[in-house]
Amino acid sequence: MYASAAPTPVQRPVTVPSLRRMKQEGQPIVALTAYDASFAHVLDSAGVDVVLVGDSLGMVIQGHATTLPTTVDDIVYHCAAVRRGLTRPLLMADMPFLSYATNALALATAQRLLVDAGAAMVKLEGGQSCVLDAIQFLAEREVPVCAHLGLTPQSVLRMGGFRVQGRELDAQKLMLEQAHAVVDAGAQALVLECVPASLAKDITAAIPIPTIGIGAGVDCDGQILVSYDLLGITPGKRIRFTKDFLIETGSVAAAVERYAEDVRARRFPALEHSF
Ligand code: KIV
């Protein structure tokens, strides 16, 4: 606990424009979730580009069955801790369920995440018109926004479970339209979760902002995983799109480094992790 960190070479912080540059240069974006300062430090040292304080914390930290009980206070608390562990990665924070149900709420939530908790970008789920409104409202007020399409866990009650999205032609067409719509609304990045790899590839090619996939195949501009999945410590059966990197590496730091290498070499996700 009191060991002093070895000096690391100074690297430029990752910014919102860097993400777009990485897409243009074909440099895969390495992203992971974190919920505390020590873990954030491990991700920072391993060269992760984007760290997300996800509302998944309601599931993996608090033990809830869904992300719905995660509150703005929860995200602010964990995001502030993660901020203290980071030097280089861009810090993204999730806007929890119903915390952007109106534009006024969205602004109040974004203010807490950016000003109180030190995030550099917020993420919100969905591509329906009220979400597009919120994205535009925030973007016009200089809040960098990452959109999230596909399996949006905050829609679990409507979807009736966590399921792959965009299998049928109609749903694929709609998702492509929504991807263009979030760009037009001002989003600066797009998470694609649990969608067929071919659809994620088409969306990635069609829009100018970087896509960050989770269960969306190897052709996204970047990849993200819930960090506890990467360590194989999430209870229950392994989800298809995750991989336990700890088993093959033997330490948390080495597991994160291997993940980063594999994403950059486009070795992860393999076909067996895709839909
Ligand atoms: O909450 C979260 O961790 C997320 C990622 C799975 C993308 O939204």
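By convention here, the first residue in the shown sequence is residue 1.
- Under the 3.5 Å distance criterion, the side-chain polar atoms of Arg21 are left unmatched by any main-chain donor or acceptor of Gln27.
- In this structure, Tyr77 places its OH atom where only 12 or fewer heavy-atom neighbours from other residues, nucleotides or ligands lie under 6.0 Å away.
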Would you list the atom pairs, donor with acceptor, under 3.5 Å between side chains in residues 192-204 and any protein atom, with sequence neighbours excluded?
{"unit_1": "Glu193", "atom_1": "OE1", "unit_2": "His148", "atom_2": "NE2", "d": "2.9"}
{"unit_1": "Thr204", "atom_1": "OG1", "unit_2": "Ala200", "atom_2": "O", "d": "2.7"}
{"unit_1": "Thr204", "atom_1": "OG1", "unit_2": "Thr211", "atom_2": "OG1", "d": "2.7"}

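- With hydrogens and angles disregarded, a donor-acceptor distance shorter than 3.5 Å links the side chain of Gln154 to the backbone of Met95.
- Under the ring pair (Phe, Tyr, Trp, His ring centres under 6.0 Å) criterion, Tyr35 pairs with Tyr228, sequence neighbours left out.
- A side-chain donor-acceptor contact under 3.5 Å links Arg141 to the backbone of Phe137.
- For the atom pair OG of Ser227 and OH of Tyr259, the computed distance is 10.0 Å after rounding to the nearest 0.5 Å.
- With rounding to the nearest 0.5 angstrom, the CZ atom of Phe245 is 6.0 Å from the CG atom of Leu230.
- Under the 4.0 Å criterion applied to side-chain N and carboxylate O atoms, Arg238 and Asp229 are not assigned as salt-bridge partners.
- Between His273 atom NE2 and Ile239 atom CD1 the span is 12.0 Å, to the nearest 0.5 Å.
- Lys23 pairs by the salt bridge (charged side-chain N to carboxylate O under 4.0 Å, His left out) definition with Asp221, not counting sequence neighbours.
- Here NZ of Lys123 is found 9.5 Å from CD1 of Ile212. Values are rounded to the nearest 0.5 Å.
- In the displayed structure, Glu142 atom CD is contacted under 6.0 Å by at most 12 heavy atoms of other residues, nucleotides or ligands.
- Transitive grouping of hydrophobic side chains (ILVMFWY, heavy atoms separated by less than 4.5 Å) keeps Val131 and Val156 in distinct clusters.
- Taken from OG1 in Thr66 to CG in Leu157, the straight-line distance is 7.0 Å, to the nearest 0.5 Å.
- Between Arg264 and Asp49 there is a salt bridge, since a side-chain N of the basic residue sits under 4.0 Å from a carboxylate O of the acidic one.
- Linking ILVMFWY residues whenever their side-chain heavy atoms come closer than 4.5 Å, directly or via other members, leaves Val72 and Phe97 in distinct clusters.
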Could you go through Glu140 and Gln136, starting from their C-alpha distance and side-chain angles, then the distance that decides it, and tell me whether this counts as side chain to side chain donor-acceptor pair (under 3.5 Å)? CA-CA 6 Å; Glu140 284 174 351; Gln136 183 167 356; 3.0 Å; yes
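- Of the N and O atoms on the side chains of Thr67 and Thr70, not one donor lies less than 3.5 Å from an acceptor on the other residue.
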Using salt bridge (Lys or Arg N to Asp or Glu O under 4.0 Å), reason through Lys243 and Glu272 one step at a time and then give a plain yes or no. CA-CA 10 Å; Lys243 178 177 170 188; Glu272 70 195 88; over 6 Å; no
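- Interatomic distance, Thr109 OG1 to Asp94 CG, rounded to the nearest 0.5 Å: 11.5 Å.
- With Arg240 contributing its side chain and Ser274 its backbone, the two residues share a donor-acceptor pair below 3.5 Å.
- Formation of a donor-acceptor pair under 3.5 Å by the Arg163 side chain with backbone atoms of Met159 is found in this model.
- Side chain of Ser155 to backbone of Arg158: no donor-acceptor contact under 3.5 angstrom is found.
- Checked by atom type and distance alone, the side chain of Asp74 pairs as donor or acceptor with a backbone atom of Thr71 at under 3.5 Å.
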Residues Val51, Leu32; criterion side-chain contact (heavy atoms from CB on, under 4.5 Å); working and verdict: CA-CA 5 Å; Val51 174; Leu32 279 174; 5.9 Å; no
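- Judged by the 6.0 Å and 45° rule, Arg266 forms no cation-pi pair with Phe268.
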